[in-house]
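Report on the structure given below.
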Amino acid sequence: MRTTSSEVRLVHLHNAYDRSKLDCFFNKILIPAFARFPEELDDIAVFHEQLSILNSTPSRAYTLFVILAESAHDGSLLAAISAEYYIKSNSGLITYIATNPQFNTKGLGLGKLLLDAAVEAITLEAYAHHHVNGPAAIYCETNTDLVDAAVDVMVPARRRAVLHGLGFRFLEFEYVQPALGEGQEPCRTLCLGVLEQFLEKEGCSEDKVLLSQTLRVFLEDFFEVLMGREGIVINSDAVRQIEWLKEHQFVCVLPCPVG
């Protein structure tokens with residue numbers, strides 16, 4: 001029996017932590033989509049600790065959100081999204097969004113449904129931290145064409161086109177994600193996107209750009225969480241990215257992806 005969009009319910013694990021549901025998210029959504037790219041996959045223990053303990057800690061550096069799309073009929077997990085709100089930079093990052101390959105979810109609009117829910121969660125968190133205008137920006141990461149299309153679960157260009165349809169615009173910026181954990185490698189095959197609503201026009205041009213300072217403040221915050229303040233100073237990839245942003249006023253947007 002095919003589920004319809006009206007038969008989908010959203011479950012916010014950041015509001016009601018559930019160990020078994022989080023494990024299901026990891027095993028049925030993240031593993032099929034990202035296990036072939038270990039440098040892109042957080043450890044499940046990180047999710048459990050953040051949602052069950054650290055999200056409630058006043059001194060936390062970020063807040064984690066995990067939102068599940070379940071069948072209202074039988075509770076089957078259809079798709080999910082995870083996102084993070086970085087407090088110091090007032091920035092959001094969509095970290096994972098994927099469907100359960102065991103179900104046919106085409107045409108249900110789950111991507112937009114989940115993204116809208118994640119954006120709302122990030123925005124409410126920004127308000128809670130006294131940012132009356134909401135977050136400074138909301139970003140995403142996705143694979144570039146350096147990733148072998150035969151290895152990925154979706155052709156990278158096609159995924160970028162899907163994300164573009166959801167409102168993300170990809171930045172003309174040489175991005176390197178630091179290692180997510182001990183024993184992992186930096187990821188050099190990702191590009192950064194930002195929701196179009198956070199872009200602005202450059203002068204009289206119709207082209208939209210992102211203020212470099214906005215991205216720099218976020219990356220300094222993000223990198224510090226991953227590698228510590230000292231790591232930012234000594235890590236050559238981090239230094240290069242931060243220095244580039246200091247030297248340029250704007251970050252341009254790449255042409256619309258075709259996929």
Side-chain angles (χ1 to χ4, degrees), residues 34 37 39-40 62 81-86 88-97 111-112 115 118-119 122-123 126 133-147 149 152 154-180 186-203 205-227 232 235-259:
F34 298 100
F37 305 110
E39 68 277 7
E40 298 181 16
Y62 72 98
I81 191 169
S82 65
E84 296 162 353
Y85 172 76
Y86 286 82
K88 187 184 296 186
S89 61
N90 183 34
S91 302
L93 176 65
I94 305 300
T95 49
Y96 304 103
I97 179 170
K112 184 178 187 310
L115 179 61
V119 169
I122 291 168
T123 302
N133 294 321
I138 297 176
Y139 303 93
C140 75
E141 301 168 320
T142 192
N143 286 338
T144 68
D145 293 333
L146 293 175
V147 172
D152 205 345
M154 180 184 291
V155 175
R158 173 59 184 158
R159 184 184 288 108
R160 294 196 301 276
V162 170
L163 290 168
H164 186 276
L166 292 174
F168 284 102
R169 301 297 177 258
F170 294 97
L171 301 173
E172 192 174 347
F173 178 72
E174 191 177 340
Y175 174 63
V176 177
Q177 181 199 72
L180 294 177
C187 189
R188 304 180 185 279
T189 56
L190 292 174
C191 60
L192 274 179
V194 63
L195 283 176
E196 187 176 22
Q197 68 201 65
F198 298 105
L199 299 175
E200 55 184 67
K201 291 182 179 179
E202 181 184 4
S205 171
E206 290 299 312
D207 295 332
K208 291 185 176 181
V209 296
L210 179 68
L211 287 174
S212 292
Q213 181 179 357
T214 302
L215 179 56
R216 177 177 60 80
V217 171
F218 164 64
L219 289 184
E220 288 176 340
D221 192 5
F222 182 45
F223 291 172
E224 183 174 350
V225 169
L226 290 177
M227 64 177 77
I232 297 177
N235 182 280
S236 59
D237 290 318
V239 170
R240 175 191 57 76
Q241 292 173 86
I242 298 303
E243 289 302 313
W244 189 96
L245 291 167
K246 288 180 179 179
E247 295 167 1
H248 296 80
Q249 186 176 3
F250 302 109
V251 183
C252 294
V253 174
L254 293 168
C256 176
V258 177

side-chain contact (heavy atoms from CB on, under 4.5 Å) partners for [X], two or more places apart:
| X | value |
| --- | --- |
| V176 | P186, R188, D237, R240, Q241 |
| Q197 | L195 |
| T142 | R159, R160, L163, F170, C191 |

Distance in Å, [X] [atom1] paired with [Y] [atom2], rounded so as to fall on 0.5 Å steps:
| X | Y | atom1 | atom2 | answer |
| --- | --- | --- | --- | --- |
| L254 | L192 | CG | CG | 11.0 Å |
| Y139 | Y175 | OH | OH | 11.0 Å |
| T189 | D145 | OG1 | CG | 11.0 Å |
| S82 | I94 | OG | CD1 | 8.0 Å |
| I122 | I138 | CD1 | CD1 | 4.0 Å |

Close side-chain approach of [X] to [Y], heavy-atom, < 4.5 Å:
| X | Y | result |
| --- | --- | --- |
| L93 | Y62 | no |
| L190 | N143 | yes |
| Q177 | E141 | yes |
| V253 | V194 | no |
| W244 | F173 | yes |

Provide the closest heavy-atom pair for G193 versus F168 in the form atom of the first, atom of the second, distance.
C-CD2, 4.0 Å

Minimal non-hydrogen separation, A126 against P135, with atom names
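The answer is CB-N, 3.6 Å.
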
In a table with atom names and distances, give each donor-acceptor pair under 3.5 Å that connects a side chain of residues 210-227 to protein atoms at least two apart or in another chain.
residue	atom	partner	partner atom	Å
S212	OG	H248	O	2.8
S212	OG	Q249	O	3.3
S212	OG	F250	N	3.2
S212	OG	F250	O	3.4
R216	NH1	E220	OE1	3.4
R216	NH1	E220	OE2	3.3
D221	OD2	K88	N	3.4
D221	OD2	S89	N	2.9
D221	OD2	S89	OG	2.9
E224	OE1	K88	NZ	3.2
E224	OE1	R229	NH2	3.1

Applying salt bridge (Lys or Arg N to Asp or Glu O under 4.0 Å) to E200 and not counting sequence neighbours gives none

According to ring-ring contact (aromatic ring centres under 6.0 Å, His included), who are the partners of Y96, at least two apart in sequence or on a separate chain?
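Expected list: F34.
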
